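Here the structure is laid out as structure tokens; the discussion comes afterwards.
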Protein chains: 4
Amino acid sequence: MIGTGVIGYGYWGPNVVRNLNAHPEIDLAVIVDKDPGRLHLAGQSYPHVRVSENADEVFNNGDIDLVCITTPVFSHFGLAKQALEKGKHIFIEKPFTSTVEEAEILIGIAHKNQCLIMVDHTFLFTGAVRKIKSLVDDGTLGELLYYDSVRVNLGLFQHDVNVIWDLAPHDISIMDYILNGKSPCAVSAFGAGHFGRHLQDVAYLTLQFDNNFIAHFNVNWLSPVKVRRTLLAGDRKMLVWDDLKADEKVKIYDTGVQVQTKEGAYEAMVDYRIGDMLAPVLDRTEALKKEIGYLVQCIRDKETPVNDGRAGLRVVQILELSNRSIQQNGMLIDFETGGKV
Amino acid sequence: MIGTGVIGYGYWGPNVVRNLNAHPEIDLAVIVDKDPGRLHLAGQSYPHVRVSENADEVFNNGDIDLVCITTPVFSHFGLAKQALEKGKHIFIEKPFTSTVEEAEILIGIAHKNQCLIMVDHTFLFTGAVRKIKSLVDDGTLGELLYYDSVRVNLGLFQHDVNVIWDLAPHDISIMDYILNGKSPCAVSAFGAGHFGRHLQDVAYLTLQFDNNFIAHFNVNWLSPVKVRRTLLAGDRKMLVWDDLKADEKVKIYDTGVQVQTKEGAYEAMVDYRIGDMLAPVLDRTEALKKEIGYLVQCIRDKETPVNDGRAGLRVVQILELSNRSIQQNGMLIDFETGGKV
Amino acid sequence: MIGTGVIGYGYWGPNVVRNLNAHPEIDLAVIVDKDPGRLHLAGQSYPHVRVSENADEVFNNGDIDLVCITTPVFSHFGLAKQALEKGKHIFIEKPFTSTVEEAEILIGIAHKNQCLIMVDHTFLFTGAVRKIKSLVDDGTLGELLYYDSVRVNLGLFQHDVNVIWDLAPHDISIMDYILNGKSPCAVSAFGAGHFGRHLQDVAYLTLQFDNNFIAHFNVNWLSPVKVRRTLLAGDRKMLVWDDLKADEKVKIYDTGVQVQTKEGAYEAMVDYRIGDMLAPVLDRTEALKKEIGYLVQCIRDKETPVNDGRAGLRVVQILELSNRSIQQNGMLIDFETGGKV
Amino acid sequence: MIGTGVIGYGYWGPNVVRNLNAHPEIDLAVIVDKDPGRLHLAGQSYPHVRVSENADEVFNNGDIDLVCITTPVFSHFGLAKQALEKGKHIFIEKPFTSTVEEAEILIGIAHKNQCLIMVDHTFLFTGAVRKIKSLVDDGTLGELLYYDSVRVNLGLFQHDVNVIWDLAPHDISIMDYILNGKSPCAVSAFGAGHFGRHLQDVAYLTLQFDNNFIAHFNVNWLSPVKVRRTLLAGDRKMLVWDDLKADEKVKIYDTGVQVQTKEGAYEAMVDYRIGDMLAPVLDRTEALKKEIGYLVQCIRDKETPVNDGRAGLRVVQILELSNRSIQQNGMLIDFETGGKV
């Protein structure tokens, strides 16, 4: 049994607690929240679990091996640092940290103390993303050409982060997973804030990769309609993932491009063909349930999770560069050097 | 009766000819195309109209007052120049010209010779765009916040222009019309070309305006699905225009944002409300028919058309800057000076 | 406080219990189920509530004024009879009973003992149905022409009832509510059963009313796609209700029919006009929560609920006639006399 | 070359003429219409073809082997009879005739004079219907369970036929083709007429077949939305055909039903499984073009067309019985005897 404490019982915390509580190898010992109302709610739902307003009850509890941090991002670094320094594994909300520096420090402590870091990139455990990754890994799509994501809706305006930090971590972590952690060469972002605010409520993020692969993220808190759609094209097949559909979320098009290189021609001739569309049946297991199961497995078997601190760091790095690019008129920033491309 | 000649009977020409032929004040005299096969087709369909492979039969025909140029863009300047120098009005395909300089020269000649230039921005004459413009003009949407356009499909790869030049002129001319010709402050574009080609088949174009209004155009020849969707949000209402729908193309959401400025608060509090959605009935008259009618009216009444040479020039200016931005890593270019913002 | 017992903690029971438990005027005293596994679950979720395998603990408990019966339909009559004979109000799943005779007996007992019967026609408390009813009541739709409902999906095959008894009670109760309890003149039903079963898995139910109003219900357990769509047309406006849509569930079309009666013409000339479409914002409160609130209000204020035993009876009457019609080759049966029309 | 005359240049005639004119083995000699305006139009479009108001110019023209009859149904019998008696082949609009008796007479004359009858069931030549038939023929769907068709819209009210005669011939002929001409055992229809008319504008047609296969047709001139959707389920796979979709018109669901027969159990246990969905690429050739090509081939090679007079007769037979059923309160009528089942 893995003694477990949870810090943060706000919007997402209850889902994490519910799945921890249902796992046979987890011993859920303490739930912490600063808000007495939320704590009361936690106590009612889980009368067998201790509740407290004081996070030290988690850090100082020798029976606790795993700390789940489901608090706003600004508090991640401080809480995670304490947990890791006490030698505890952490499961932490996305985005991992507010800065690259914080992420690197946490990874260093975890390494020294042999602790596991798992960042809660929940979408990686959905049937849709699993299917998409398998289509990339087994070569079905062929060489990838572009990744185009739209995540827009009428959104709760955050007070401390812009719309990229709020919405894009989902998509960046998904793409990072699909690309097996491959980093972009360069980052550019544009956006606009309205209503006298300094934070962007509409933004566009572009990532450039080797081999002319390009990724683009459209995020928006001011859309009258909700859209969650990703296009991913390879030179063999192409797919559309519409996460709002009840069924047929992933459609795979046997559609491709034919290139004819004629001798002496300056440009290759390019034509396309249209074929069947397949919508595969997807695993409908709750993603968070699968992720918690994977968390337990990684701790038990001392595996490095795919969504470890380094994966979290890569996402934060892109987010941090997007902020710098926005402040410099969309300047394309080199991912390695942080300077102008 | 307006004596009329048409140069170019390829993809779009037959539609223009059909509408010219049906207009009671147009006397369609000559159709010109270099391809004998196309000419033969024209002759079969319009046995009363003279056909020729030689454009001079149009330019040198004293009975012709109007020349309609429906040829590829690279040939626009030469043909338009000859027509205008002969004192003839022109109706010309979009994009107007290949460069800003060409557009300015043509506008100068037309001005000197008191000729009319109408650029065929057909979408301006659709029921959908007319409705959207009226909603902006009468203040229904309130102050505009952003314009977000997606125009993607499996596309015929052009050999001389990239996907922005191929697809974005539609959207740029529509936005220009809705904004009453207001120019952006700055332009940036990113894209990627594949299959060993030097021309972008996937691209993203961002325009920045005063007052934090931002416009973004997503154009793509490599999408397995066809999308034609524009979001336009104001601070009073927001709309979605989906041009692929048979009905309910324009949906107006009585959805808005409420800003509460609290004394002492650093950032304004922003919240949103959701209201009814209205899909107004739209005029279904063929857009090109309305445009040809408007063309005749402008010539007859010596009106300056809304889609005149200056409107065509503004579109070309943005296209030209998009090319320069792409070549300079998406650099944000000042619309007035052409330099880095 | 209304002392309350619940019998049946299967598929729907937990939703009823959750809403009862959350209501400040309900004192949830006992939950009964024959299945120890279900009871254990109930006990875990509601540790303050007594659980029992014996329904007599409800019937014989003098503190209980309200009995909620959420068991399969074949058990409704026996349980409801005992509760009503003990002078307790009942809230009972749909369909009310297995036969008209049972429903009439229960209504009689309730009348004698001054007990309230509320049949759980949950859909009556959704924002969509409330809006539709208001559009009928205030004359927006005009005189009604037809009601056309499709409710199909891959369904769990029931072992004791056919697809009409399983799916159509939703739609029949909704239509009954919208029509203010108006009964049809006649009933006909067709269907087919497959796989060696004697119960229909595909069926069509037609109801004829005065004034050429016709209602039709398409229910099907063998559809590869899920459809929940109702068309309701009046001579002023028409509407579509698509219950699977996340937004814009109800669309009202300002579409009508114009009749020109020409003197001497045998048939009136009929033409139609197409106008705007409006999708009104709908109340999103959980329907069952509203229904439980209404239940408490009716008990407290001695109101007769709109979904009382008589409403339940009308639904059962149609279901019963549908069975008879199916057995007699779709014979159109007079609603009043039960004989052939 | 097949000398050809066309009678009727109204709504559908021009499409037939266009395709006849484009076929290299057709010699289009005469177009007949009673309306001089329509004739004028025909003459303008096909200056090389003779036009006439007199059908005798077709019947008495010895060079004409094929007569295409694209007139309203009430005139079919008279025109077809004259053509066949002159020994000419006919291509005739659907529905074939107004009565079964008429159809049988025409079939008799054609047989005697060795003429071909082809009824214009155009949908049989679409990519969608061809694909569906192939899935039935090759056993992909397994044993068929039901056919469920919806064809509704705001419709032009016909003055001489009800909505079944107007809309259902499409669907009945499609189903007849898919089922290889298998006839139903029995027919029932219900409907309602409004606005003081005696003809149904809303109707439901049910056909019963052997082996519990059931077919149902929902046709409606009073729907605010246009729907063209057919469900066809087999015990191996199921499909949905949505003819209004630009792409993915036919979706095949690898969804089935599993039957477990337990010894001693009264009813078989039935469960279902959900699998992948495939939308095959479909032939997009214009259906009428393919049909005209097939017409020429049948005449040339003396083949009996699949859409011959007997196919037309089967459709008319169902239509005729539907009228009788409506007049007798939806009575289920035996297809063979014409009496009550």
Side-chain angles (χ1 to χ4, degrees), chain C residues 145-146 148 150 152 154-157 159 186 188 190-199 201-202 204 206 208 211-214 216 218 220-225 227 229 231 233 235 237-240 251-253 255 257 259 261 266-272 274 277 329-332 340-341, chain D residues 143 145-146 148 150 152 154-157 159 186 188 190-199 201-202 204 206 208 212-214 216 218 220-225 227 229 231 233 235 237-240 251-253 255 257 259 261 266-272 274 277 329-332 340-341:
Chain C
L145 305 172
Y146 69 84
D148 183 299
V150 179
V152 307
L154 276 186
L156 291 170
F157 282 65
H159 294 283
S188 167
F190 284 96
H194 302 89
F195 318 112
R197 285 166 48 94
H198 303 97
L199 294 169
D201 42 46
V202 175
Y204 304 97
T206 305
Q208 292 190 336
N211 291 322
N212 294 317
F213 180 76
I214 189 169
H216 186 267
N218 176 339
N220 188 328
W221 279 331
L222 283 175
S223 168
V225 287
V227 182
R229 186 168 54 192
L231 303 182
D235 63 359
K237 295 199 179 183
M238 301 175 177
L239 66 81
V240 178
K251 293 182 173 180
I252 308 160
Y253 293 82
T255 290
V257 172
V259 186
T261 316
Y266 178 66
E267 288 277 356
M269 299 286 290
V270 179
D271 203 356
Y272 59 87
I274 295 183
M277 181 273 277
N329 297 317
M331 186 177 83
L332 187 67
K340 186 172 180 304
V341 170
Chain D
E143 189 183 345
L145 306 172
Y146 68 85
D148 183 300
V150 180
V152 306
L154 275 188
L156 290 171
F157 283 67
H159 293 283
S188 167
F190 284 97
H194 301 90
F195 318 114
R197 285 166 48 94
H198 303 98
L199 294 169
D201 41 47
V202 175
Y204 304 97
T206 304
Q208 292 189 336
N212 295 316
F213 180 76
I214 188 169
H216 185 266
N218 176 340
N220 188 328
W221 280 332
L222 284 175
S223 168
V225 288
V227 183
R229 186 169 53 193
L231 302 181
D235 63 0
K237 293 198 180 185
M238 301 175 176
L239 67 80
V240 179
K251 293 182 174 181
I252 307 160
Y253 293 82
T255 290
V257 172
V259 185
T261 316
Y266 178 67
E267 288 276 357
M269 299 287 291
V270 179
D271 204 356
Y272 59 87
I274 296 182
M277 181 273 277
N329 297 317
M331 188 177 82
L332 187 68
K340 185 172 180 306
V341 170

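Quick caveat, the model's predicted, so the values are computed rather than measured. Both backbone and side-chain heavy atoms feed into the values below; hydrogens, waters and symmetry mates do not. Quick note on labels: first sequence line is chain A, next is B, and so on, each numbered from 1.
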**Report entry** Partner chain D: residue of C:H194, C:K340, C:K237 with the largest heavy-atom pair count (under 4.5 Å)
**Finding:** C:H194
Query raised in the report: What pairs with C:M238 under side chain to side chain contact (heavy atoms under 4.5 Å, CB included), at least two apart in sequence or on another chain?
Result: C:A233, C:T255, C:V257, D:L154, D:L222, D:P224
Query raised in the report: Pick from C:L231, C:D201, C:D235, C:V225: which one has the most heavy-atom pairs with chain D under 4.5 Å?
Result: C:V225
Query raised in the report: So, for D:A186 and D:V341, which heavy atoms are closest and what is the spacing to 0.1 Å?
Result: CB-CG2, 3.6 Å
Report task. Count the heavy-atom pairs under 4.5 Å between each of C:L239, C:N218, C:N220, C:V152 and chain D, then report the option with the highest count. Result -> C:N220
**Report entry** Those residues that, when tested against D:F213, pass ring-ring contact (aromatic ring centres under 6.0 Å, His included) (two or more places apart)
**Finding:** D:F209
Query raised in the report: Relative to chain C, which segment of D:E143 carries a heavy atom at a distance below 4.5 Å: side chain, backbone, both, or neither?
Result: neither
Report task. May I ask you to decide if C:T206's main-chain N or O and C:S188's side chain share a donor-acceptor pair within less than 3.5 Å? Result -> no
Requested in this report: Go through the atoms of C:V202 and report whether side chain, backbone, both or neither lie under 4.5 Å from a heavy atom of chain D.
Outcome: side chain
Query raised in the report: When rounded to the nearest 0.5 angstrom, what distance separates CE in C:M331 from CG in D:L332?
Result: 12.0 Å
